[in-house]
Amino acid sequence: MKLYQLTIHEAQAKLRHGEITAVELTESVLERIDAVESRVGAYISLQPELALRMAQLADERRATGEDNPLLGIPLAIKDAIITQGVPTTAGSKILEGFTPPFDATTVRKLREAGAVFVGKTNTDEFTMGSSTEYSAYKITHNPWDTSRVPGGSSGGSAAAIAADEALGALGTDTGGSIRQPASFCSVVGLKPTYGRVSRYGAIAHGSSLDQIGPFGKDVEDVALLLGAIAGPDPLDATTLNAPVPNYAADIKKGDDLRGTRIGVPKEYFVEGMEPGVESAVRTAIDRLATLGAEIVEVSLPHTRYGIAAYYLISTAEASANLSRYDGVRFGLRREGDDMWSMFRETREAGFGPEVKRRIMLGTYALSAGYYDAYYLKAQQVRTLLRRDFEQAFEQVDVMVAGVSPGTPFKIGERANDPLQMYLSDVLTVTLNLAGACGVSVPGGFANDLPVGLQIIGPALGESAILRVAYQYEQATDWHKQKPQL
Ligand code: GLN
């Protein structure tokens, strides 16, 4: 077994016992990147020298007796999350050349925990997309089939984990951007409850929906990473003032799922779901039942309005958030005859077609005369969706469903069909609208392509969903299967 193949908890045991050093582990990951990155394309930028310096520092910290689950662990950070001194683009030409003078809170916490940063991963521009094809920089290939997309928008982070190009990663999820690529690449990815993790330094897409969350090779790694980044933050007033449990310990409580009530939302077997995906999800539900869980059918009756509400609210918020890219403060600037033409030229040159489409949709939804019909209506639907979830969680502890109605599609197949791309988010956007948490775990294969199982929890239900995910993982070996690259 090569060092780059280790999980975080396996590597940590070896580091602790002095069997390996953080420098050796990091070198192994860098060699792996050299060997496969030309076929995967997970990273927008790599910082190998910085990584080796951080690894050396971690080894020095360990030599002084320090111990920490992430000390010396090589991680990848989505390029939509701010890293001090390292270029951050959000997948957009408008931020080309921007090197932030500060860290996102999550990045600062990982740095303090002694993690090693290998590089910044590819993302759809400003995290708008479901395939990573809307990145202004490159195409990321799915390690399971390089003619297919890795999902998105955190496709780079998911592909990096699947290809063993990092031991763990951070992504962001506004409407599914952690869970859907995790599902497409057969890795674990968790979207925390809104407010569980600080958004400070996450480049804003839809501020009432965005959350940063972890990717890992297994559930325990994701629990460790979540524990390291969660918690209240004075720099993000929307963070929840709730103590951070020991997730990595909580997942191992109990030997099975007896006493756990798991809801299956009947609306989540949507029309158009691929039969192979549906049968994988149903098989997984049967497996949860054999572990002792009580399976209950539940209803989330407003599900079918989720996509419409999401694409009104997220574009409205995005149109406001993206107004700051004007050529004055960061990144690209194109001169014009006056200030207004400079703004126009800069935005025309710097934003790609999907971002422009969303700015127009959002501006329209917020404009006088249409506000009541679109934005306000969408907010009302959001309340109904939130109530759906509250009512379901009166009956059950967690819910399970698919993540995406389909398996990874071919590169190019949907890039020019935005509506088709939007519709594929049907099973994920509702959680962001409702403020719930969710994790995608490897749930099998359909036609040799990965299928994720989504485990959904109420606000601050991370321990509960991770525990179910862990029990399921122990009973299956999907997470142990690796792509042949
Ligand atoms: N695919 C969704 C979108 O394009 C979700 C993206 C995300 O979660 N960042 O908006």
Side-chain angles (χ1 to χ4, degrees), residues 78-81 89-92 121-136 140 149-158 169-184 189-194 197 199 202-215 306-322 351-362 365 378 382 403-406 408-409 414-440 452 454:
K78 184 180 185 178
D79 210 20
I81 303 173
T89 68
S92 182
T121 54
N122 200 18
T123 167
D124 288 294
E125 185 174 2
F126 286 106
T127 82
M128 297 170 184
S130 306
S131 69
T132 318
E133 291 168 288
Y134 296 147
S135 164
T140 299
V149 302
S153 63
S154 313
S157 288
L170 291 188
T172 64
D173 191 313
T174 303
S177 279
I178 292 174
R179 291 160 286 154
Q180 184 256 20
S183 163
F184 277 18
L190 181 137
K191 183 204 91 74
T193 305
Y194 186 77
V197 172
R199 287 181 297 111
I203 292 178
H205 170 175
S207 304
S208 76
L209 305 157
D210 298 341
Q211 273 291 289
I212 293 176
F215 285 93
I307 288 281
Y310 171 80
Y311 278 97
L312 286 164
I313 293 170
S314 66
T315 57
E317 293 182 4
S319 71
N321 276 325
L322 296 184
F351 288 138
E354 179 62 21
V355 172
K356 287 176 183 160
R357 180 156 44 234
R358 298 216 189 183
I359 292 172
M360 287 189 281
L361 285 169
R382 185 174 189 171
V403 177
S404 169
F409 42 91
R414 294 196 192 160
N416 298 317
D417 189 348
L419 192 60
Q420 203 50 38
M421 195 80 94
Y422 296 174
L423 290 173
S424 66
D425 298 330
V426 57
L427 305 178
T428 49
V429 296
T430 44
L431 277 72
N432 303 72
L433 290 165
C437 61
V439 61
S440 174
Q454 185 170 209

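Starting from 1, each residue takes its place in the sequence as its number. Atoms within each ligand, like the ligands themselves, are counted from 1 in listed order. Atom set for the values below is all heavy atoms of this structure, side chains included, hydrogens, waters and symmetry mates excluded.
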For this session: Classify the contact between Ser153 and ligand 1 as side chain, backbone, both or neither, using a heavy-atom distance cut-off of under 4.0 Å.
Result: side chain
Problem set entry | Pair Lys78-Ser153, side-chain contact (heavy atoms from CB on, under 4.5 Å): steps then yes or no | CA-CA 9 Å; Lys78 184 180 185 178; Ser153 63; 2.8 Å; yes
Exercise. Do ligand 1 and Met128 have nitrogen or oxygen atoms that lie under 3.5 Å from each other?
Worked result: no
For this session: For Arg358, enumerate each residue passing the salt bridge (charged side-chain N to carboxylate O under 4.0 Å, His left out) test, keeping only those at least two apart in sequence or located in another chain.
Result: Glu354
Exercise. Can you tell me which residue and heavy atom of the protein come closest to atom 5 (C) of ligand 1, and the distance to 0.1 Å?
Worked result: Tyr310 OH, 3.3 Å
Problem set entry | Atoms of ligand 1 close to Gly175 [distance to a heavy atom under 4.0 angstrom, numbered from 1] | 5 (C), 7 (C), 8 (O)
Exercise. Among protein heavy atoms, which sits nearest to atom 9 (N) of ligand 1, and what does the distance come to when rounded to 0.1 Å?
Worked result: Ser177 OG, 2.7 Å
Exercise. Which bit of Gln180 is near ligand 1, meaning a heavy atom under 4.0 Å away: side chain, backbone, both or neither?
Worked result: neither
Problem set entry | Distance (rounded to the nearest 0.5 Å) between Met360 CE and Thr315 OG1 | 11.5 Å
Exercise. Applying a 4.0 Å heavy-atom criterion (strictly less than), which segment of Asp425 is in contact with ligand 1: side chain, backbone, both, or neither?
Worked result: side chain
Problem set entry | Atoms of ligand 1 close to Thr127 [distance to a heavy atom under 4.0 angstrom, numbered from 1] | 6 (C), 7 (C), 9 (N)
Exercise. Looking only at atom types and distance, does a side-chain atom of Asp79 sit under 3.5 Å from a main-chain N or O of Gly91, one as donor and one as acceptor?
Worked result: no
Exercise. Is there any N or O on Ser314 that sits under 3.5 Å from an N or O of ligand 1?
Worked result: no
For this session: Tell me, please, which residues at least two apart from Tyr194 pass ring pair (Phe, Tyr, Trp, His ring centres under 6.0 Å).
Result: none
Seminar exercise, completed: ligand 1 to His205, heavy atom cutoff 4.0 Å, flagged ligand atoms 9 (N), 10 (O)
For this session: Tell me, please: is Tyr422 in heavy-atom contact with ligand 1, that is, under 4.0 Å?
Result: no
Problem set entry | Atom indices of ligand 1, in the order listed, that fall short of 4.0 Å to a heavy atom of Asp173 | 8 (O)
Exercise. After noting the C-alpha distance and the side-chain angles of Thr428 and Lys191, does the key distance pass the side-chain contact (heavy atoms from CB on, under 4.5 Å) rule?
Worked result: CA-CA 10 Å; Thr428 49; Lys191 183 204 91 74; over 6 Å; no
For this session: Name the orientation class of the two ring planes belonging to Tyr422 and Tyr311 (parallel below 30°, tilted from 30 to 60°, perpendicular beyond 60°).
Result: parallel
Exercise. Looking only at heavy atoms of Arg358, does any of them come nearer than 4.0 Å to an atom of ligand 1?
Worked result: yes
For this session: With side-chain contact (heavy atoms from CB on, under 4.5 Å) as the test, would you mind laying out the steps for Asp425 and Ile307 before giving the verdict?
Result: CA-CA 7 Å; Asp425 298 330; Ile307 288 281; 4.0 Å; yes
Exercise. Can you list the steps and then say if Ser131 with Arg414 is a side-chain contact (heavy atoms from CB on, under 4.5 Å)?
Worked result: CA-CA 9 Å; Ser131 69; Arg414 294 196 192 160; over 6 Å; no
